[in-house]
*Asks:* 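Before we start, here is the structure in question, set down as structure tokens.
Since the model is a prediction, treat every value here as computed from it, not as a measurement. All ligand and atom numbering here is 1-based and tracks the order in the structure.
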Amino acid sequence: MSLARLLPALVLLASSGAALAAEVPAQPAEHPELHALASAPSEQELRATITALVGFGTRHTLSDTRSDKRGIGAARRWVQTRFERIGRDCGGCLQILTPSQEFSGERVPKPVEVMDVVAIKRGTGDPDRMIVITGHLDSRASDVMDARHDAPGANDDASGVAALIEAARLLSKQDNRATLVFAALSGEEQGLYGGKVLADYAVAHGWRVEAELNNDIVGNSRGQNGVRDSTVVRVFSEGTKSNETLEQAAYRRYHGGEVDSPSRNLARYMERLADSYLPDFRVRMVYRTDRYGRGGDQVPFLQAGFPAVRVTEGHEDYTRQHQDLRPGYGDTLDGIDFRYLARVTALNAITLASLARAPAPPTGVDIKGALATDTTVMWHKVPGAAGYRVHWRDTTAPQWQHARVVGDVDHAVLQDVVIDDWFFGVSAVSADGYESPVVFPGDAGSFERSPGAR
Ligand SMILES: [Zn+2]
């Protein structure tokens, strides 16, 4: 469905608190800037990044950190230099950080420093709101402890790092309301350590992380079974919050919300954006935190109470993941479809831009209407919103089906919409028509971080 089809006419609402049709309320709009951004990712830039990263031989977390030619240290410094160059091109608009922690564990026999390389583009309106994109720099061979042999990791996950660097290049030149964070993580293959480093940093610094897009294995369009499909990318999202408390879970079981975590509504947001701005490319939403039995750097963010999704190619080829280089195996440059990777990068770029230009997702969302034929949706107003949009859908529908634009108000009454039969949500819309993700009522759907059960 296109955004244009969703543009509703002015609607008179039953509530005295809702806007009447005296003025045009803020409405979600189609944005030429996002169309331009959708075709902007450069295959040459993506290829240059992956070629450089593969050139470091291995980027294993336990590999050499002093050499400038080989190992994770050289790769980290290369990314930092790349961010510095992008920063120079935008007049010093990027702040660069290298947060780190020392870890030891099952896959880290001796304590090792795990360091992330992070570029930050401050927002001009709401700089405390953080929109994050990640990929992991480290790679591995067949033996997860083998830090010596070549492990090119072209797809896993130089492709994700290339996507986030290209997103930084494209978005650094634009002003946004919220702050954008571009992060190349380490330590993923040894135990998701780099994701933990950044999530811990975010908590310690009071970041309001509204979204984390973890791009891991995003460059290959040919499945192991031979299927070729460059038109689909999967977005994995958890159904319920990783850190919800027993009390929150009990409330949610009775009132709904088992398929409406903020991460899930972030995935729905991306699905809609792809539909509107990426011709012949779609998001396949998967109702799982990650692929079966596997994990990624979005997990430490979820555990910290932040909304996060995993972006992964539509069809994987396992002969090219976590494999020693040998005939028929290995994660090499020739397995990357750069045109496909450019499309995945475009999805990320338009999502980051749209989120960062929109107001924050509404807070304090709630509903009432038991034993009545109308439903009232309530929320707290957020800075930068010129209006709000109330959404509802069948309880079995994967995507929001109905929406109504309301003015700069904090509640709306939906006449003859029975509370029992639908799921409800609300989004915030800026004066220039950028819309936040939809927020499901209560703790189950809130984008605000709660300390949760951990
Ligand atoms: Zn990976």
Side-chain angles (χ1 to χ4, degrees), residues 46 49-50 53-54 56-63 72 75-76 79 103 105-108 114-117 132-147 150-165 182-199 212-221 223-224 233-237 286 288-302 308-325 329-333 335-337 340-341 344-345 348:
L46 295 164
T49 296
I50 298 181
L53 294 179
V54 166
F56 295 115
T58 177
R59 306 185 304 280
H60 194 280
T61 299
L62 308 179
S63 64
I72 186 71
R76 288 194 305 238
V79 172
F103 292 99
E106 196 184 326
R107 293 177 170 190
V108 185
V114 173
M115 181 186 288
D116 298 336
V117 186
V132 183
I133 178 173
T134 58
H136 72 86
L137 202 47
D138 61 302
S139 64
R140 59 169 286 186
S142 296
D143 174 1
V144 69
M145 303 306 293
D146 176 1
D150 277 354
N155 196 24
D156 186 10
D157 180 35
S159 66
V161 174
L164 74 91
I165 289 176
F182 308 92
L185 309 176
S186 302
E188 198 270 350
E189 306 290 6
Q190 308 313 115
L192 311 180
Y193 292 117
K196 179 168 165 46
V197 167
L198 189 60
E212 196 259 316
L213 315 180
N214 183 40
N215 282 256
D216 194 350
I217 310 183
V218 289
N220 162 51
S221 60
Q224 186 168 330
V233 69
R234 291 175 295 169
V235 175
F236 292 83
S237 60
V286 183
R288 281 199 168 102
T289 301
D290 208 312
R291 295 106 77 232
Y292 191 80
R294 305 181 71 182
D297 284 315
Q298 76 280 14
V299 172
F301 277 82
L302 296 170
V309 295
R310 178 184 179 124
V311 183
T312 296
E313 62 203 23
H315 307 273
E316 293 179 72
D317 182 346
Y318 311 103
T319 65
R320 291 183 169 276
Q321 295 175 19
H322 304 180
Q323 298 285 351
D324 287 342
L325 291 176
Y329 291 88
D331 187 357
T332 48
L333 197 62
I336 304 294
D337 176 344
Y340 177 76
L341 177 55
V344 177
T345 305
N348 281 279

*Asks:* Excluding sequence neighbours, so at least two apart, what forms side-chain contact (heavy atoms from CB on, under 4.5 Å) with L164?
*Replies:*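 For L164, the residues satisfying side-chain contact (heavy atoms from CB on, under 4.5 Å) (neighbours in sequence not counted) are F83, I133, F182.
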*Asks:* So, taking the atom named CG in L213 and the one named CD in Q298, what distance separates them when rounded to the nearest 0.5 Å?
*Replies:* 11.0 Å
*Asks:* Can you tell which of T58, T61, V114 makes a side chain to side chain contact (heavy atoms under 4.5 Å, CB included) with D138?
*Replies:* T61
*Asks:* Enumerate the protein N/O/S atoms at a distance below 2.8 Å from the Zn ion (ligand 1), ignoring waters.
*Replies:*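 Counting only protein N, O or S atoms under 2.8 Å from the Zn ion (ligand 1), the list reads H136 NE2, D156 OD1, D216 OD1, D216 OD2.
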*Asks:* If the condition is salt bridge (Lys or Arg N to Asp or Glu O under 4.0 Å), which residues does R291 pass it with, not counting sequence neighbours?
*Replies:* E316
*Asks:* For side chain to side chain contact (heavy atoms under 4.5 Å, CB included), just list the numbers for E313 and V344, CA-CA rounded to whole Å, side-chain angles, deciding distance to a tenth of an Å, and then say yes or no.
*Replies:* CA-CA 8 Å; E313 62 203 23; V344 177; over 6 Å; no
*Asks:* List the residues meeting side-chain contact (heavy atoms from CB on, under 4.5 Å) with A199, not counting sequence neighbours, and say none if there are none.
*Replies:*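 Residues passing side-chain contact (heavy atoms from CB on, under 4.5 Å) with A199: P300, F301, A304.
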